[in-house]
Amino acid sequence: MHSFGHRANAVATFAVTILAAMCFAASFSDNFNTPTPTASVKILNINWFQKEANGNDEVSMTLNISADLSSLFTWNTKQVFVFVAAEYETPQNALNQGSNLKGKEFNLTMHWHIMPKTGKMFADKIVMTGYRLPEQYR
């Protein structure tokens, strides 16, 4: 006859095997989800626009952000991290953040990172164009 230790080991091994299979299935099923979030951002007010002591420009804006992120969530989603960044292009660099912003056109980019319960992280973004800063500091 098998002892209690052998039976407990068999049950624990079976449970861990089932758990591993479920984690694999959860991670694999995320490959079939195609997130299609939508977002729009309106600049309601530019609170201040000034040059800092280190030479970078500082802008404080009041934004109205409307986003439908429901397609990012699946049964394997633990959390979603979302942020908006202001970015602009120059002849020297394709992506800039920081200085010489007076009168520049810029894009607001909404980035998101999906952190699953199991499996690999996924990140993507939506670029919203057509924004311009004032010609003078306020």
Side-chain angles (χ1 to χ4, degrees):
M1 302 282 344
H2 296 290
S3 68
F4 176 75
H6 286 120
R7 290 180 184 177
N9 184 30
V11 169
T13 302
F14 180 71
V16 168
T17 303
I18 295 300
L19 181 62
M22 289 174 61
C23 288
F24 173 78
S27 179
F28 184 72
S29 69
D30 275 349
N31 293 328
F32 300 109
N33 181 39
T34 307
T36 55
T38 58
S40 67
V41 177
K42 293 181 186 173
I43 298 176
L44 300 179
N45 187 30
I46 296 179
N47 303 322
W48 71 79
F49 179 36
Q50 61 192 15
K51 185 172 272 315
E52 294 181 327
N54 63 6
N56 287 334
D57 290 339
E58 180 182 37
V59 181
S60 172
M61 298 179 187
T62 303
L63 303 174
N64 183 10
I65 302 172
S66 177
D68 178 11
L69 305 177
S70 59
S71 66
L72 299 179
F73 291 89
T74 66
W75 63 283
N76 189 33
T77 302
K78 183 175 184 179
Q79 65 182 352
V80 177
F81 178 69
V82 180
F83 64 96
V84 176
E87 304 168 345
Y88 66 97
E89 292 184 19
T90 62
Q92 296 86 12
N93 297 313
L95 178 65
N96 294 282
Q97 299 172 335
S99 60
N100 300 322
L101 297 175
K102 288 195 293 189
K104 294 268 189 203
E105 284 195 17
F106 66 96
N107 302 327
L108 289 174
T109 305
M110 185 179 80
H111 299 263
W112 64 87
H113 298 265
I114 301 172
M115 292 157 220
K117 293 176 185 162
T118 181
K120 63 180 173 68
M121 287 182 52
F122 176 76
D124 207 353
K125 63 185 176 182
I126 296 175
V127 178
M128 295 162 276
T129 61
Y131 300 97
R132 180 180 288 278
L133 286 169
E135 295 288 337
Q136 298 298 322
Y137 292 119
R138 297 182 187 183

Which heavy-atom pair separates Phe106 from Ala86 by the least distance, and what is that distance?
-> CD1-CB, 3.9 Å
Could you tell me the separation between the CG atom of Asn107 and the CD1 atom of Ile126, rounded to the nearest 0.5 Å?
-> 13.0 Å
Side-chain contact test, heavy atoms from C-beta onward, threshold under 4.5 Å: evaluate it for His113 versus Phe83 and give yes or no.
-> yes
Hey, could you give me the CD/CE distance between Glu87 and Met128, rounded to the nearest 0.5 Å?
-> 10.0 Å
Return the minimal non-hydrogen interatomic distance between Met110 and Ala67, and the atom names on each side.
-> SD-CB, 4.3 Å
Going by atom types alone, do Asn76 and Thr118 pair a side-chain donor with an acceptor below 3.5 Å?
-> no
Within a reach of under 6.0 Å around CE of Met22, are more than 12 heavy atoms found that belong to other residues, nucleotides or ligands?
-> no
Heavy-atom closest pair, residues Met121 and Pro116 = CA-CD, 4.0 Å
Under 4.0 Å between a Lys/Arg side-chain N and an Asp/Glu carboxylate O for Arg132 and Glu105?
-> yes
Roughly how far, to the nearest 0.5 Å, is the CG atom of Leu63 from the CG atom of Leu108?
-> 6.5 Å
Lys51: what forms a salt bridge (charged side-chain N to carboxylate O under 4.0 Å, His left out) with it, not counting sequence neighbours?
-> Asp57
dist Thr62:OG1 -> Asn45:CG (nearest 0.5 Å) comes out at 5.0 Å
With a 4.5 Å heavy-atom cut-off, do Thr77 and Leu72 have their side chains touching?
-> no
From CD (Gln79) to CZ (Phe81), nearest 0.5 Å | 9.5 Å
With a 3.5 Å cut-off and no angle check, do the side chains of Ser60 and Asn47 form a donor-acceptor pair?
-> yes
Spacing of Ile43 atom CD1 and Met61 atom CE [to the nearest 0.5 Å] | 4.5 Å
Nearest atoms (heavy-atom pairs only) where Lys102 meets Gln136 = CD-CA, 4.3 Å
Smallest heavy-atom separation, Pro37 atom then Pro35 atom, equals CD-C, 3.5 Å
Which atom of Phe73 lies closest to which atom of Leu69, heavy atoms considered = CD1-O, 3.4 Å
Could you please spell out the steps behind the side-chain contact (heavy atoms from CB on, under 4.5 Å) verdict for Val41 and Tyr131?
-> CA-CA 10 Å; Val41 177; Tyr131 300 97; 3.7 Å; yes
Could I get the full list of side chain to side chain contact (heavy atoms under 4.5 Å, CB included) partners for Thr34, not counting sequence neighbours?
-> none
In this structure, are over 12 heavy atoms from other groups packed under 6.0 Å from Tyr137 atom OH?
-> yes
Taking only residues at least two apart or on different chains, which pairs with a member in residues 64-73 satisfy side-chain hydrogen bond (donor to acceptor under 3.5 Å, both in side chains)?
-> Asp68-Ser70
